[in-house]
Amino acid sequence: ILATFASGKRGHYLAFFSSYDYLRQVEEQLRANKPRSLRVLCQASDMTIEEREAFLKHFQEPPSPRTRTSLLGLAVLGGVFGEGVDLVGESLIGVAVVGVGLPQVNVENDLIKQRFSQLGAREDASRGFDFAYTYPGFNRVLQAVGRLIRTETDRGMALLIDERYRQHRYRELFPSWWQPQNVRSINEMTELQERFW
């Protein structure tokens, strides 16, 4: 899916994942099966400031008119490339988010879940889950997608990969200016991209 998405139009793309482990698994698959028209860069967990700047520099350089290669950067949701990065114009034309960004299950988040479940007139476990996991996770998704449109003239596509985005609990969190369309196959995605570009 990611290789097809980044091949829809030659340019620069970022894909975000919930963990480094997941990112590495996808990187292995991409490197083994990627088309020749795709270059892949990968965020490392221990990148120095210089390595981060070098990673971003690849996106700041416009695609060469002589090459048909797209650039796909793989990064972690909530990481250094998921927020506070301004890639305007042709520096970034596509963002993919794999998963819904749920934080890890831990004692602190479970305490938040328990507390919010008990607020209100009656106990509501789903309310607690939303405050502890759904909302913080979706905030990461919003930040990642926010890398795409930085100025009034920017144009690009965002791809959210997870069945849960079809659920009402997530759809109601989508900003009003998003124009979501469900895609059920690679062919549908390719057709949608062709119409968009």
Side-chain angles (χ1 to χ4, degrees), residues 1-64 66-109 112 132-151 154-162 164-165:
I1 292 170
L2 292 174
T4 302
F5 180 60
S7 300
K9 178 183 178 186
R10 186 176 57 88
H12 299 151
Y13 296 80
L14 277 173
F16 291 93
F17 301 87
S18 56
S19 69
Y20 283 104
D21 185 47
Y22 196 1
L23 183 151
R24 294 284 172 251
Q25 292 175 40
V26 172
E27 177 192 20
E28 287 176 20
Q29 290 296 313
L30 277 170
R31 293 203 189 277
N33 302 301
K34 74 176 179 69
R36 298 173 81 179
S37 61
L38 185 64
R39 280 187 328 153
V40 177
L41 291 179
C42 202
Q43 177 184 358
S45 59
D46 57 351
M47 289 177 106
T48 64
I49 292 173
E50 293 79 17
E51 289 170 327
R52 292 177 195 166
E53 289 173 357
F55 183 95
L56 288 174
K57 188 173 182 176
H58 288 280
F59 291 89
Q60 293 161 345
E61 297 168 355
S64 167
R66 285 184 267 148
T67 181
R68 294 178 177 251
T69 304
S70 284
L71 174 64
L72 176 61
L74 308 180
V76 174
L77 277 171
V80 296
F81 302 119
E83 52 188 80
V85 173
D86 290 329
L87 297 169
V88 298
E90 294 291 312
S91 296
L92 188 64
I93 64 168
V95 167
V97 178
V98 182
V100 292
L102 294 178
Q104 289 185 345
V105 175
N106 60 34
V107 173
E108 181 181 348
N109 288 337
I112 293 169
Y133 295 100
T134 305
Y135 300 152
F138 197 73
N139 189 50
R140 291 177 180 174
V141 171
L142 289 172
Q143 289 172 330
V145 172
R147 300 311 93 222
L148 184 58
I149 305 298
R150 305 306 298 166
T151 70
D154 289 348
R155 189 163 190 248
M157 291 187 77
L159 177 64
L160 305 177
I161 304 173
D162 197 300
R164 290 172 284 189
Y165 287 118

Side-chain contact test, heavy atoms from C-beta onward, threshold under 4.5 Å: evaluate it for [X] versus [Y] and give yes or no.
X	Y	answer
R39	H58	yes
L74	L30	yes
S18	Q104	no
F17	Q25	no
V80	Q43	yes
E61	L71	no
Y133	I112	no
L148	D154	no

Of all the heavy-atom pairs spanning [X] and [Y], show the shortest one and how long it is.
X	Y	result
A6	L38	CB-CD1, 3.6 Å
L2	A96	CD2-CB, 3.5 Å
V97	Y165	CG1-OH, 3.8 Å
K9	I93	O-CD1, 3.8 Å
P103	A132	CG-O, 4.0 Å
C42	R24	SG-NH1, 2.8 Å

Note to self: Test side chain to side chain contact (heavy atoms under 4.5 Å, CB included) on I1 and L159; report intermediate values, then the result.
What the structure shows: CA-CA 10 Å; I1 292 170; L159 177 64; 3.8 Å; yes
Quick check against the 3.5 Å criterion: does [X] have a side-chain atom that pairs as donor or acceptor with the backbone of [Y]?
X	Y	answer
S70	G11	yes
R31	V40	yes
Y20	A75	no

Interatomic distance, [X] atom [atom1] to [Y] atom [atom2] [nearest 0.5 angstrom]:
X	Y	atom1	atom2	result
H12	L87	NE2	CG	9.5 Å
R155	L92	CZ	CG	14.5 Å
L77	F16	CG	CZ	7.0 Å
F59	L41	CZ	CG	5.5 Å

Next item on the list: Just say parallel, tilted or perpendicular for the rings of F55 and F81, cut-offs at 30° and 60°.
Entry: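 Aromatic pair F55/F81 classed parallel.
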